[in-house]
**Q** 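Sharing a structure here in structure tokens format.
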Amino acid sequence: MLHEILLSLSGQQSSLFNFQAEEDAVSEESFPLLSPPEKALLASLARLSRLHAGLRTHTALICSSHPSVICRAVSTAIRSHHLGAFQKKILEVEKAILVEDSGYVGGYGIVPLATVVGEFTPWTRRLEWLWEIGRFIQPASKNDQNQICTGAALIDHLRGESQTGYVDIEEITLHLIGAAETAWMRQLSTWLLYGNLPILGKGDFFIQEADTDENERPGSATQFVTHPKLIPQFVSSRTAASILFIGKTLNLIRAKRGPTSGTSSDALLTSPVTLHAEHINHLAGLKSPISVSKLSSAVDSIRTSLSQSTLSKLLPLPKILEILSLLHDFLLLRRGEFAAALVSHADARLRERQRRPETTTRNMVSNIDGLAIKEGDVATALTNTWAELYSLQNEEDLADDELDLARELVRLSLKTTPSTQGLGLSLADTGTGLAAETSGVSFDDLLFPTSTSLSVQVRPPLDLFLSASDISIYSKVHSYLLGIRRAQIRLGDLWKHTPLRRSHPSPWGPPRSNSRFGRSKLQMGRQRENARTSQMRAIWATSSASLFVLSEIGSFFQGEVINGSWQHFREWIEAGASDTASRPGSRPGTATSSKARALGLGANDQGDDSDAAPRRHDPEALTAAHRRYLFSLVQSLYINDAPFTKALRGLLEKVDYFIALVVRIESIQRNVDLENDEGVVDALVDYASEEREVWQALRAARSDTETGINEVIARLRDIDDNRTEEGRMMFEPTANATRSWAIWHANGCSFVPRKAAGVDRLLMKLDFGTTTGN
């Protein structure tokens with residue numbers, strides 16, 4: 001019977017054990033003379049035999065069909081090393097029995113069954129644990145086949161299983177962790193050293209190509225994103241961002257220097273990237289289990305070396321400042337003439353597209369909402385805007401290089417599909433969390449009746465610094481600010497409608513006014529003007545109040561928040577450049593700390609300037625600082641506050657409708673005056689009846705506008721009260737911040753966003769305007 005036991009333990013089919021049944025039992029038909037104690041002893045061996053056979057079959061299936069290279073490596077380690085050790089143990093026991101070792105064979109050549117069972121007892125726990133790992137990698141049940149394990153999940157699971165009280169299980173776990181992390185490091189080294197995605201197990205690597213339309217365009221650079229679910233726990237968020245940045249840089253340089261890079265003008269003016277031996281040594285020095293700090297240190301060393309050799313030429317600081325200044329001037333509306341010209345030409349284009357005559361107010365509004373806006377319309381509006389800006393330049397002025405660059409890169413386009421970037425950024429981009437912080441209220445359909453987006457075309461190598469999610473946030477902020485600025489411009493233009501403010505044209509004078517008919521005409525005109533002036537007094541009061549509130553909000557956002565934050569961010573960048581230029585070596589001087597204190601940096605940021613100074617020139621550190629700057633803008637502009645954006649959007653819509661009615665009443669009154677004074681009668685339109693309808697609608701619109709103003713101010717008071725109670729800083733993430741924003745708050749860069757003035761300062765101005773009668 002011993003040979004049957006050893007054959008069965010080796011995974012062979014044996015008549016000793018009944019493998020047809022689910023339970024581990026001895027076959028009654030083949031060995032009917034076994035006593036109950038012998039059956040009890042053989043039950044554990046039956047369990048081992050079943051586990052060994054099942055593990056060999058299951059691991060063979062994983063090695064041949066599993067999509068993850070890491071899971072295959074672990075399965076191979078189980079099959080070759082640990083099951084091989086079990087098979088070796090079987091051979092050792094068999095050899096000891098054959099040579100009649102006294103440890104196994106007793107008197108008269110009897111081999112006690114308990115001795116054999118005792119030799120394999122420790123393997124029961126080991127094989128059961130290995131079987132659980134095999135089922136974790138790929139469930140044995142067909143119902144759970146869709147829940148395929150990823151390499152990152154397996155590594156995290158094995159690291160958790162290593163915390164055990166069994167020494168043998170811990171040794172097996174550490175060996176499997178080593179196999180898994182070796183396979184993962186091979187994938188990582190391909191990306192870190194060459195900028196290539198791994199060929200094997202590409203779908204299991206946490207960095208993958210972005211599935212966007214930009215990748216389908218010929219000549220466009222490939223976009224890469226990180227998938228948080230595929231990142232092992234020993235890879236910190238900061239390290240994952242650095243890994244993505246390094247690989248994107250190498251990939252871009254290789255693509256630009258390849259034979260299909262296009263014209264020579266597109267080539268990058270950098271020296272070829274060489275594979276430094278120190279980069280390989282950094283990765284080779286990582287031992288299993290990989291430490292979070294050691295991996296971070298190795299990645300930082302590679303990134304620093306790459307930045308000092310290549311990225312300083314690939315992304316020079318003047319080029320970064322140039323694109324940031326362009327975004328600040330045109331998308332954040334520092335150049336007010338651009339916003340005014342864009343609004344003017346957009347309104348002019350809408351008037352040209354309006355086909356049907358304005359008969360009633362209801363028809364007028366429906367005509368605007370129903371206009372079929374095309375790409376040509378928005379492109380023409382932007383082209384006319386550039387032409388106007390160029391016309392404002394004098395011959396004595398120097399050439400505006402920024403305007404030339406903006407004309408080349410800035411695009412105004414329609415949103416043909418609902419954009420996910422403004423409400424929740426797509427994929428796992430590093431800027432994803434910011435979109436989760438913004439509200440779902442859209443302002444991109446205020447310039448035109450359909451959704452439009454003003455964006456900047458980011459060309460390589462600037463896509464290493466600016467991602468698609470960053471540009472999407474800039475576009476969202478632009479539509480938000482432009483909506484406020486547009487309402488200000490249109491409300492201010494109401495005072496340009498002369499007939500609404502005074503008697504126009506002027507009344508008759510002598511000698512016509514000396515006659516009886518002239519005096520009667522003058523008296524009738526004076527009564528009409530007095531009645532209209534009395535009616536318009538409330539309208540002008542609402543217009544003035546609306547203009548005051550929107551002007552104060554716009555001035556607070558533009559001056560205190562945007563310009564102040566930009567100046568602080570720009571000073572930080574330029575201070576880092578001047579510090580590095582004035583220091584020949586890597587050792588810091590005292591000027592850095594003094595400038596850092598002048599800029600209001602924290603004590604932790606000044607503690608080790610030898611590490612902080614190189615990071616300021618590191619493009620990835622600049623990218624992290626820019627993300628924090630952009631995040632602080634979203635917080636300070638209250639774009640993340642859904643009730644406030646909803647109230648503001650409602651106010652802007654009510655102001656638009658109110659302005660449309662005021663303009664309409666002017667047109668109706670002009671036609672009424674022509675009928676009464678000149679006898680010009682339009683038989684198809686009853687202007688007197690329409691004037692009464694419009695006045696009724698205008699009174700209701702005035703009431704709605706005042707209600708909208710009160711709602712906006714009330715929401716500002718709620719923001720002030722809530723933030724005072726919570727004690728939250730403007731640039732700190734809110735409770736619903738996603739994991740991707742932790743990347744930039746844990747990045748370690750020394751930039752601290754400027755804390756803008758609280759909303760209480762804005763409320764003081766609004767309260768003062770209310771008390772003075774505005």
**Q** Has S344 got a side-chain atom pairing as donor or acceptor with A341's backbone, closer than 3.5 angstrom?
**A** no
**Q** With no hydrogens and no angle check, is any side-chain donor or acceptor of S467 less than 3.5 Å from a backbone partner on D463?
**A** no
**Q** Taking the side chain as everything from C-beta on, heavy atoms only, tell me whether S475 gets closer than 4.5 Å to L454.
**A** no
**Q** Just by distance, do the side chain of S667 and the backbone of V663 share a donor-acceptor pair under 3.5 Å?
**A** no
**Q** According to the interplanar angle, ranging from 0 to 90°, do the rings of W495 and W540 count as parallel (below 30°), tilted (30 to 60°) or perpendicular (above 60°)?
**A** tilted
**Q** Does E653 pair with R649 as a salt bridge, N-O distance under 4.0 Å?
**A** yes
**Q** For the atom pair CD1 (I207) and CG (L230), what is the distance rounded to the nearest 0.5 Å?
**A** 10.5 Å
**Q** Less than 4.5 Å apart, side chain to side chain, heavy atoms only: is that true for Y390 and D400?
**A** no
**Q** Do Y474 and H626 have their ring centres less than 6.0 Å from each other?
**A** yes
**Q** Ion pair present between R334 and D329, side-chain N to carboxylate O less than 4.0 angstrom?
**A** yes
**Q** Any side-chain heavy-atom pair from V343 and R485 closer than 4.5 angstrom?
**A** no
**Q** Could you walk me through whether F443 and L482 satisfy the side chain to side chain contact (heavy atoms under 4.5 Å, CB included) test, starting with their C-alpha distance in whole Å, then the side-chain angles of each, then the deciding distance to 0.1 Å, before giving a yes or no?
**A** CA-CA 9 Å; F443 292 81; L482 188 65; over 6 Å; no
**Q** Checking S632 side chain against Y629 main chain: does a donor-acceptor pair fall under 3.5 Å?
**A** yes
**Q** What are the two closest heavy atoms between V441 and A642, and how far apart are they?
**A** CG2-O, 4.2 Å
**Q** Can you tell if the side chain of S439 reaches within under 4.5 Å of the side chain of F644, non-hydrogen atoms only?
**A** no
**Q** With side chain to side chain contact (heavy atoms under 4.5 Å, CB included) as the test, would you mind laying out the steps for H328 and L324 before giving the verdict?
**A** CA-CA 6 Å; H328 176 68; L324 287 177; over 6 Å; no
**Q** What pair of heavy atoms forms the shortest contact from V561 to S636, and how long is it?
**A** CG1-CB, 3.4 Å
**Q** Between T452 (side chain) and S413 (backbone), is there a donor-acceptor pair under 3.5 Å?
**A** no
**Q** Looking at F751 versus H568, is the centre-to-centre ring distance below 6.0 Å?
**A** yes
**Q** Inspect the contact between D656 and R486 and indicate whether a charged nitrogen and a carboxylate oxygen are less than 4.0 angstrom apart.
**A** yes
**Q** Indicate yes or no for a side-chain donor-acceptor contact from Q457 to the backbone of R411 under 3.5 Å, with no hydrogens or angles considered.
**A** no
**Q** Would you indicate whether the side-chain heavy atoms of P643 and D718 approach each other to under 4.5 Å?
**A** no
**Q** Does any non-hydrogen side-chain atom of L244 lie less than 4.5 Å from one of F206?
**A** no
**Q** Please answer whether the main-chain N or O of L716 pairs with a side-chain N or O of Y638 as donor and acceptor at a distance below 3.5 Å.
**A** no
**Q** Using 4.0 Å as the upper bound for N to carboxylate O, is an ion pair formed by K476 and D444?
**A** no
**Q** Specify the closest pair of heavy atoms between L550 and Q488, including all atoms of both residues, with the distance to one decimal.
**A** O-OE1, 3.6 Å
**Q** For E711 and R715, what are the C-alpha separation, side-chain angles and deciding distance, and is it a salt bridge (Lys or Arg N to Asp or Glu O under 4.0 Å)?
**A** CA-CA 6 Å; E711 290 176 354; R715 184 53 201 164; over 6 Å; no
**Q** Does this structure show an ion pair linking D377 with R349, if we count only N-O contacts that are shorter than 4.0 Å?
**A** yes
**Q** Under 4.0 Å between a Lys/Arg side-chain N and an Asp/Glu carboxylate O for E408 and R459?
**A** yes
**Q** Is the shortest distance from a Lys or Arg side-chain nitrogen in D720 or R717 to a carboxylate oxygen in the other one below 4.0 Å?
**A** no
**Q** Return yes if some donor-acceptor pair links the side-chain N/O of H478 with the main-chain N/O of L331 below 3.5 Å, else return no.
**A** yes
**Q** Go through the steps to decide whether V410 and L326 satisfy the test side chain to side chain contact (heavy atoms under 4.5 Å, CB included), and finish with yes or no.
**A** CA-CA 9 Å; V410 175; L326 185 144; 4.1 Å; yes
**Q** Got a salt bridge between D704 and R699, using NZ or NE/NH1/NH2 to carboxylate O under 4.0 Å?
**A** no
**Q** In Å and rounded to the nearest 0.5 Å, what is the CD to CG distance from E693 to L698?
**A** 13.5 Å
**Q** With the threshold set at 4.0 Å, does a side-chain nitrogen-carboxylate oxygen contact exist between R490 and D493?
**A** no
**Q** I'd like to know if the side chain of S551 reaches the main chain of L547, judged simply by a donor and an acceptor atom lying under 3.5 Å from each other, with no hydrogens or angles considered.
**A** yes
**Q** For R627 and D470, work out which heavy atoms get closest and say how close.
**A** NE-OD1, 2.6 Å
**Q** Indicate yes or no: does D641 engage K646 in a salt bridge with an N to O separation below 4.0 Å.
**A** no
**Q** Kindly give the heavy-atom pair with the smallest separation between I562 and L633, and that separation in Å.
**A** CA-CD2, 4.1 Å
**Q** Which pair of heavy atoms, one from V549 and one from L766, lies closest together, and at what distance?
**A** CA-CD2, 4.1 Å
**Q** State the CG-CG distance between L447 and L342, to the nearest 0.5 angstrom.
**A** 5.0 Å
**Q** Parallel, tilted or perpendicular: which one describes the rings of F330 and W386, with boundaries at 30° and 60°?
**A** perpendicular
**Q** Quick one: pull up CG in L622 and CD1 in I320 and give me the separation to the nearest 0.5 Å.
**A** 5.0 Å
**Q** Which distance, rounded to the nearest 0.5 Å, do you find between the CD of E552 and the CD1 of I713?
**A** 10.5 Å
**Q** When you compare the side chain of W695 with that of L661, does any pair of heavy atoms fall below 4.5 Å?
**A** no
**Q** How far apart are the C-alpha atoms of I484 and L648, what are their side-chain angles, what is the distance that settles it, and do they pass the side chain to side chain contact (heavy atoms under 4.5 Å, CB included) test?
**A** CA-CA 9 Å; I484 300 175; L648 182 60; 3.8 Å; yes
**Q** Would you check if there is a donor-acceptor pair between the side chains of T542 and E706 at a distance under 3.5 Å?
**A** yes
**Q** To the nearest 0.5 Å, what is the distance between CG on L494 and CD on E666?
**A** 9.5 Å
**Q** Do V712 and I553 have side chains that approach each other closer than 4.5 Å (heavy atoms only, starting at C-beta)?
**A** yes
**Q** With distance as the sole test, does Q669 use its side chain to make a donor-acceptor pair with the main-chain N or O of R664 at under 3.5 Å?
**A** no
**Q** State whether R754 and E560 are salt-bridged, where the test is any N-O pair (Lys NZ or Arg NE/NH1/NH2 against Asp/Glu carboxylate O) under 4.0 Å.
**A** yes
